[in-house]
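These notes concern the structure reproduced below.
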Amino acid sequence: MESPFAAYDMTDRVAVLTGGASGIGEAAAEMLAACGATVVLGDIDAAGLDATVERITAAGGTALAVVTDVTDHAAVDALVDTAMATYGRVDVMCNIAGTMFPGTVEELTDERIDAGIDLNLRSVIWGCQAAVRAMRQSGGGSIVNVSSGAIDAPFPGMGLYALTKAAVAMLSMTLATEVGEHGIRVNAIAPGSTLTKFTTWRLHREDGTIDQDAYDAFVERMKAMSPLGTVGEAVDQAHLILYLASDASRWVTGQIHRVNGGQTFAW
């Protein structure tokens, strides 16, 4: 029997990831590269992108940074086109970039609604479209979109974020039915509370420093939501992304995968 680790070998695969400058995108890029993939990273944070690329190359991997505003359709297309032009194929597309848009439904302005949909939903649609075009040429591939545990547990002040992430989940399931004939798999992950800049933004003081007491209280609240009594880290989501990107999940498509420590059913 072939080694079970062989299914996770990403040698000669090209993976495009948005949100590669920090958090889950950064961790996923490093993990895919460690398994042999060439990674092409898009993010609006140029310095963060460069730092991720430097760590990957220092570890012997191959990575390319492309500063990308994912709310710009042409920029998303250019990110995938750059991967195709540089490496000749795209095997994996991870649509990870996104952020919170806090506020009650009642107080949402048209501008905020548009911004939330542009970043958390339209960018994912555009990333999927560009990936499908490229993967048809490459003979198939895997698309991994990032939804959220917020699709399972409504929480006040998170309505806009939750509705965009629910749409990402349905988008992923629908697209899987449309592109399977081309050998393209589509799945989504729905992370629970994961300690990244994304989840800790509200814990900073006005000068940008972390309010340690607020941070500690937040971590304890998140732990209390899980039957395991723990809180997630970016690497926990990266392991799942690796599985979905690799041949280990070759018969997995159209699924919403939850790495959340049981937080949502514990509610």
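Keep in mind that the numbers below use all heavy atoms, side chains included, and drop hydrogens, waters and symmetry copies. Numbers here simply count residues along the sequence, with the first being 1.
- Side chain of T174 to main chain of L171: no donor-acceptor pair is present (N/O by atom type, distance under 3.5 Å, no hydrogens or angles).
- Here the closest non-hydrogen pair linking V252 and R185 is O-NH1, 3.2 Å.
- For I113 against L160, the heavy-atom pair with the smallest separation is CA-CD2, 3.9 Å.
- To the nearest 0.5 angstrom, I143 atom CD1 is 9.0 Å from T253 atom OG1.
- Identified under the side chain to side chain donor-acceptor pair (under 3.5 Å) test for residues 6-15, with sequence neighbours left out: D9-T11, R13-D247.
- In this structure the side chain of V53 never reaches within 4.5 angstrom of the side chain of L64, judged on heavy atoms.
- Counting heavy atoms from C-beta outward, C35 and L242 have side chains that approach closer than 4.5 Å.
- Side-chain contact between M135 and M93 is present, with heavy atoms from C-beta onward closer than 4.5 Å.
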Ignoring hydrogens and angles, write down the donor-acceptor pairs under 3.5 Å from the side chains of residues 39-48, residues two or more places apart or on other chains.
residue, atom, partner, partner atom, Å
D43, OD1, D45, N, 2.9
D43, OD2, G20, N, 3.4
D43, OD2, A21, N, 3.2
D45, OD1, A47, N, 3.3
D45, OD1, G48, N, 2.9

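- A distance of 12.5 Å separates CD1 of I189 from NE2 of H239, quoted to the nearest 0.5 Å.
- Partners of D69 by salt bridge (Lys or Arg N to Asp or Glu O under 4.0 Å), not counting sequence neighbours: none found.
- A distance of 10.0 Å separates CG in D236 from CG in L240, rounded to the nearest 0.5 Å.
- Between H257 and V144, the closest side-chain pair of non-hydrogen atoms is not below 4.5 Å.
- A heavy-atom distance below 4.5 Å is not found between the side chains of R133 and V80.
- The line from CD1 of I256 to OG of S172 is 5.0 Å long, rounded to the nearest 0.5 Å.
- The distance from the OG atom of S123 to the CG atom of L79 is 11.0 Å, given to the nearest 0.5 Å.
- Judged purely by atom type and a 3.5 angstrom limit, N187 uses its side chain to pair as donor or acceptor with the backbone of Q255.
- In this structure, W126 CH2 and D118 CG are separated by 5.5 Å, a value rounded to the nearest 0.5 Å.
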